[in-house]
Each structure stands twice: as structure tokens, then as C-alpha cells.
Amino acid sequence: MYDAIDRLIAQEKIIRVNISGLSEIVTGPWYIHQEEYPLINRLENNQVWSPGTTLLSPFDNLICDRRRTRALWEFDFSIEIYVPKGKIKFGYYVLPILHEDQLIGRIDPKMDRKTGVLHINNMYHKKDASMTHRTGKQIASAIEDLGMFLGAKKIETPRTVPEGWRKALKTL
């Protein structure tokens, strides 16, 4: 593996970068594709970042390192697909909610392909999550995107939705 990395560095396809200001859990080495390197400067100068809200796959690279996820966002995440039923805390296939630069909660979706209904079984939020109507609208939009991707005809939200997000999610 390291031979491949050395080759990519020699070909100038990837560039080694340093990440500072974070705990030892996220120590490198770290690399970025050379085409993306100019993005770093634009991000540092607030020229390109447009924050949004999205749902992450349980296998997303942003959260695949559970220790790093816990260190950066104080967000404990595990895939509960193979957890015995009595030990499931959030759901079989929970999707973390990435809002701007924070992990603020998670949803437990289940698509019923026969009826075309995307059921959001539960929603959870972190204690420090943004609980505004605006955030709720952005989460609703992310859930709608998931529904469109899955071909859902209808989306059903749970009866218990976090208070600040409730009104926005009723529009689904």
C-alpha cells in the first residue's frame, strides 16, 4: 500500500497535508488529491464553502473512523444492523444528520418497497443541536432527497419529532 502512495506522491497526484489543532486521534499521515488542493485555500478564505444539511450513509468516509467521529463531534455512532434486537439503541440502519459542519442527530428510516412509503421510524437529536425551524426545514429537505432517491411515493415521519423541527417535518 505504501508503495502505491509513494508512487502517487512522485506523480504529484496526491499531496501530503498536515492537520493541526486536533487531538492525537486524528494524526496522519493525510493526503489530498492534487486537483482538490486549491480548494483548501478557498476554504480558508471563506470563498467556496456553502453549508448545507444532508443524511450520511452509515458507511460514509466522514464517520467510518468511530474514534475520530467521537473526538471531532462528540458523536457516538455504530452500525446496529447486526446488533441483537434487545440491544439496539437507535435502529438497524440509522443515518446521521450532518448540518453545516456538525453532526446534530440521526434518523431511523425504513423503505417499504411494496407500498412506496419511506417510514422515518425515529428521529434523535444531540443536546447541543440547532433546534430552529430553519434547521428542521433543511432536515426535511434531506429526507425528501432520500425519498426521491429511493423512489418513495410518500414519507411518514414519527409521532415524536424533536420540538424545534416538528413544524417543518409535518410538511413531508
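All values below were derived from every heavy atom in this structure, side-chain atoms included, with hydrogens, water molecules and symmetry-related copies excluded. The first residue of the sequence shown is numbered 1, and numbering continues consecutively from there.
Using a 4.5 Å heavy-atom cutoff, the side chains of E36 and I15 are not in contact. Contact of the F77 side chain with the C64 side chain is not registered, since no non-hydrogen atoms from C-beta on lie closer than 4.5 Å.
When all heavy atoms of N61 and R68 are compared, the pair lying nearest together is O-NH2, 2.8 Å. For the residue pair P51 and E100, the shortest heavy atom distance occurs at CB-CG, 3.5 Å. The two residues G105 and F75 make their nearest non-hydrogen contact at O-CZ, 3.5 Å. Looking at every heavy atom in both residues, A140 comes nearest to A168 through CB-O, 3.9 Å. Of all heavy-atom pairs between M131 and E163, the closest is CE-N, 4.4 Å. Residues I97 and R106 approach most closely at CD1-N, 3.7 Å, considering heavy atoms.
For the salt bridge (Lys or Arg N to Asp or Glu O under 4.0 Å) with D76, the qualifying choice from R67, K126, R70 is R70, the only one to do so. None of V161, D108, I143 except one satisfies the side chain to side chain contact (heavy atoms under 4.5 Å, CB included) rule with I120; the exception is I143. Among I155, T54, L95, the one residue that satisfies the side chain to side chain contact (heavy atoms under 4.5 Å, CB included) test with L146 is L95.
Atom NZ in K13 sits 8.5 Å away from atom CD in Q34 (nearest 0.5 Å). Rounding to the nearest 0.5 Å places OG1 of T160 at 9.5 Å from CE of M123. Distance NE2/H133 to NZ/K167: 6.0 Å, rounded to 0.5 Å. Atoms OG1 and CD1, from T53 and I104 in turn, are 6.0 Å apart once rounded to the nearest 0.5 Å. Expressed to the nearest 0.5 Å, how far CG of L62 lies from CG of L56 amounts to 6.0 Å. How far CG of L98 is from CD of Q138: 11.0 Å, rounded to the nearest 0.5 Å.
For F149, the CZ atom counts as loosely surrounded, since its 6.0 Å shell holds 12 or fewer non-hydrogen atoms of other residues, nucleotides or ligands. Heavy atoms from other residues, nucleotides or ligands lying under 6.0 Å from CD of E12 number 12 at most.
A chain of hydrophobic side-chain contacts below 4.5 Å, direct or via other Ile, Leu, Val, Met, Phe, Trp or Tyr residues, connects I63 to I79. Under a hydrophobic-cluster definition in which Ile, Leu, Val, Met, Phe, Trp and Tyr are linked whenever side-chain heavy atoms come within less than 4.5 Å, directly or via other members, I139 and M148 are assigned to different clusters. A single hydrophobic cluster is not seen to contain both V117 and I107; linkage of ILVMFWY side chains at heavy-atom distances under 4.5 Å, directly or through other members, places them apart.
In this structure, the side chain of E156 does not engage the main chain of H119 through any donor-acceptor pair within 3.5 Å. Put simply, the side chain of T69 gets close to the backbone of D65: a donor and an acceptor are under 3.5 Å apart.
The hydrophobic cluster containing Y92, built from Ile/Leu/Val/Met/Phe/Trp/Tyr side-chain heavy atoms closer than 4.5 Å, also comprises V83, I88.
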Q.
Between I14 and I5, is the side chain to side chain contact (heavy atoms under 4.5 Å, CB included) condition met? List the steps.
A. CA-CA 8 Å; I14 63 173; I5 290 174; 4.0 Å; yes

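Using bins of under 30°, 30° to 60° and over 60° for the plane-to-plane angle, the ring pair H125/W165 lands in the perpendicular bin.
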